[in-house]
Amino acid sequence: MKVGFYQFRPLFGKTIKNCKKILASLENVTADLIVLPELALSGYYFKNKAEALKHAEDPTNSELLDSIIEFANKKNMHLVLGFAEKRGEQCFNSAALIGPDGIKHTYRKAHLFYEEKFCFDPGDTPFIVNDVNGAKIGMMICFDWAFPEVARTLALQGAQIICQPANLVLSFCQQTMLARCIENKVFAITANRYGKDKRPHGDLHFTGKSQIVAPGGTLLHRAASQRDALYITEINPDDANNK
């Protein structure tokens, strides 16, 4: 199975431009599964929930998400995309598993980090596993890394690959995910962003260093900190079945 990540720097509030960059950057890629960063369409550092809703996408009526679905269909590819999800007056920090037939599953972030709780509603979806071309895929988002129960819950449901969209500002996650892959004997793909969101209420700097880890904690690849990075590799998901 060919899997990978695309690390880039989303521009705050430029949802159309960010979407076009994703599609253009993946146009010549051949892969089964690509993981993209958290809030990849909108940028991260919202000042409040009203601003988050302004830049959020309603999956039932979103030209941007429809264009990504159309792309997945054309390429016969699955993507895990982090985005701000609008549902009525609610706004979630979400990740969508998008395939040739549309959105297979949406996970809403359970563990909101720091000021996120002022911008997003608490996630209300369970941790579940989906089938992608015969492989078992689980999703978590960014700060979920700090809670070992998340990866364990997915592993107990048979997850072979854990996909983690991220907007990391701390330096601990990348190494911690090696431990999660030792504890659970799973693959993990962390797609982080880099650069900064420079806003009137402050600046946030992101760490990049997206990575793929194999069962047993073997680091297959880690990207540089502050540059675009597209990385694809071939894995055997069944390696995660040997506990």
Side-chain angles (χ1 to χ4, degrees), residues 5-25 35-59 61-65 67-68 79-96 106-124 139-146 164-174 176 190-211 223-230:
F5 60 75
Y6 176 47
Q7 170 180 299
F8 75 109
R9 178 177 57 189
L11 301 176
F12 185 85
K14 305 296 185 181
T15 54
I16 295 174
K17 191 169 186 176
N18 291 330
C19 186
K20 287 181 177 179
K21 180 177 175 67
I22 290 169
L23 297 181
S25 299
V35 184
L36 297 155
E38 177 184 15
L39 300 172
L41 297 179
S42 62
Y44 178 87
Y45 201 14
F46 301 111
K47 62 184 178 182
N48 52 37
K49 186 176 176 180
E51 187 177 58
L53 280 168
K54 178 182 176 182
H55 299 294
E57 301 295 320
D58 180 346
N61 183 29
S62 169
E63 292 183 5
L64 297 186
L65 291 177
S67 69
I68 295 173
L79 303 109
V80 173
L81 170 75
F83 73 108
E85 180 192 5
K86 181 179 181 180
R87 288 289 186 174
E89 295 305 310
Q90 290 183 296
C91 191
F92 299 98
N93 185 339
S94 296
T106 300
Y107 161 66
R108 296 167 176 167
K109 188 174 183 179
H111 301 100
L112 298 177
F113 175 71
Y114 194 45
E115 295 175 327
E116 288 179 27
K117 60 183 175 290
F118 303 125
C119 303
F120 297 106
D121 292 280
D124 59 1
M139 291 189 289
M140 57 191 280
I141 299 174
C142 204
F143 193 51
D144 287 333
W145 69 263
Q164 182 192 25
N167 276 189
L168 298 163
V169 296
L170 302 176
S171 59
F172 313 115
C173 172
Q174 287 88 341
T176 303
T190 298
N192 192 23
R193 67 160 290 178
Y194 72 94
K196 67 180 180 180
D197 275 351
K198 185 176 179 63
R199 305 296 322 287
H201 50 286
D203 297 353
L204 273 183
H205 297 257
F206 303 93
T207 62
K209 298 183 181 179
S210 300
Q211 65 183 26
S225 175
Q226 297 299 312
R227 65 184 67 171
D228 282 14
L230 173 63

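Note: hydrogens, waters and symmetry copies are ignored here, and every other heavy atom, side chains too, is used.
Ala84 and Ser42 make their closest contact through CB-OG, 4.4 Å (heavy atoms, listed as atom of the first residue, atom of the second, distance). Closest non-hydrogen pair, Ile22 versus Tyr6, comes out as CA-CE2, 4.2 Å.
Phe8 is listed as a side-chain neighbour of Pro37, based on a closest heavy-atom distance under 4.5 Å. Counting only heavy atoms from C-beta outward, the side chains of Pro59 and Glu85 approach each other to under 4.5 Å. The shortest side-chain heavy-atom distance between Pro165 and Val80 falls under the 4.5 Å cut-off. Inter-residue side-chain proximity for Phe120 and Arg108 is flagged as unmet; no heavy-atom pair is nearer than 4.5 Å.
The structure places CG of Leu41 at 5.0 Å from CG of Leu81, a figure rounded to the nearest 0.5 Å. Remark: Asn167 CG to Asn93 CG distance equals 8.0 Å, nearest 0.5 Å. A distance of 12.0 Å separates CG in Leu204 from CG in Leu168, rounded to the nearest 0.5 Å. Remark: Lys196 NZ to Gln226 CD distance equals 10.5 Å, nearest 0.5 Å. Distance check: Phe172 CZ to Phe143 CZ gives 10.5 Å after rounding to the nearest 0.5 Å. Here Lys14 contributes atom NZ and His55 contributes atom NE2; the two are 9.0 Å apart, rounded to the nearest 0.5 Å.
The closest donor-acceptor contact from the side chain of Thr106 to the backbone of Ala96 lies at 3.5 Å or more, if one exists at all. One N or O on the side chain of Gln7 and one on the backbone of Lys209 form a donor-acceptor pair closer than 3.5 Å. In this structure, the side chain of Ser210 engages the main chain of Asn192 through a donor-acceptor pair within 3.5 Å. Between the side chain of Lys49 and the main chain of Glu89, a donor-acceptor pair closer than 3.5 Å is present. No donor-acceptor distance shorter than 3.5 angstrom exists from the side chain of Glu57 to the backbone of Phe83, with no hydrogens or angles considered. Under a 3.5 Å cut-off, the side chain of Gln164 and the backbone N or O of Cys142 do form a donor-acceptor pair.
With respect to Arg87 and Asp124, no salt bridge is recorded, no charged nitrogen being found less than 4.0 Å from a carboxylate O.
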Q: Take Leu23 and Ser67, measure what side-chain contact (heavy atoms from CB on, under 4.5 Å) needs, and give me the verdict at the end.
A: CA-CA 9 Å; Leu23 297 181; Ser67 69; 3.9 Å; yes
Q: Check step by step if side-chain contact (heavy atoms from CB on, under 4.5 Å) holds for Thr207 and Ser171.
A: CA-CA 7 Å; Thr207 62; Ser171 59; 5.5 Å; no
Q. Under the side-chain contact (heavy atoms from CB on, under 4.5 Å) criterion, do Phe113 and Val169 qualify, and how do the steps go?
A. CA-CA 10 Å; Phe113 175 71; Val169 296; 3.8 Å; yes
Q. Where do Tyr45 and His201 land on the side-chain contact (heavy atoms from CB on, under 4.5 Å) test, with the steps shown first?
A. CA-CA 9 Å; Tyr45 201 14; His201 50 286; 3.5 Å; yes
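Among the candidates Arg199, Glu116, Arg193, the single residue satisfying the side-chain hydrogen bond (donor to acceptor under 3.5 Å, both in side chains) test with Tyr44 is Glu116.
Within a 6.0 Å radius of NZ in Lys198, no more than 12 heavy atoms belonging to other residues, nucleotides or ligands are found. With a 6.0 Å radius and a threshold of 12 heavy atoms from other residues, nucleotides or ligands, Leu11 has its CG atom above the threshold.
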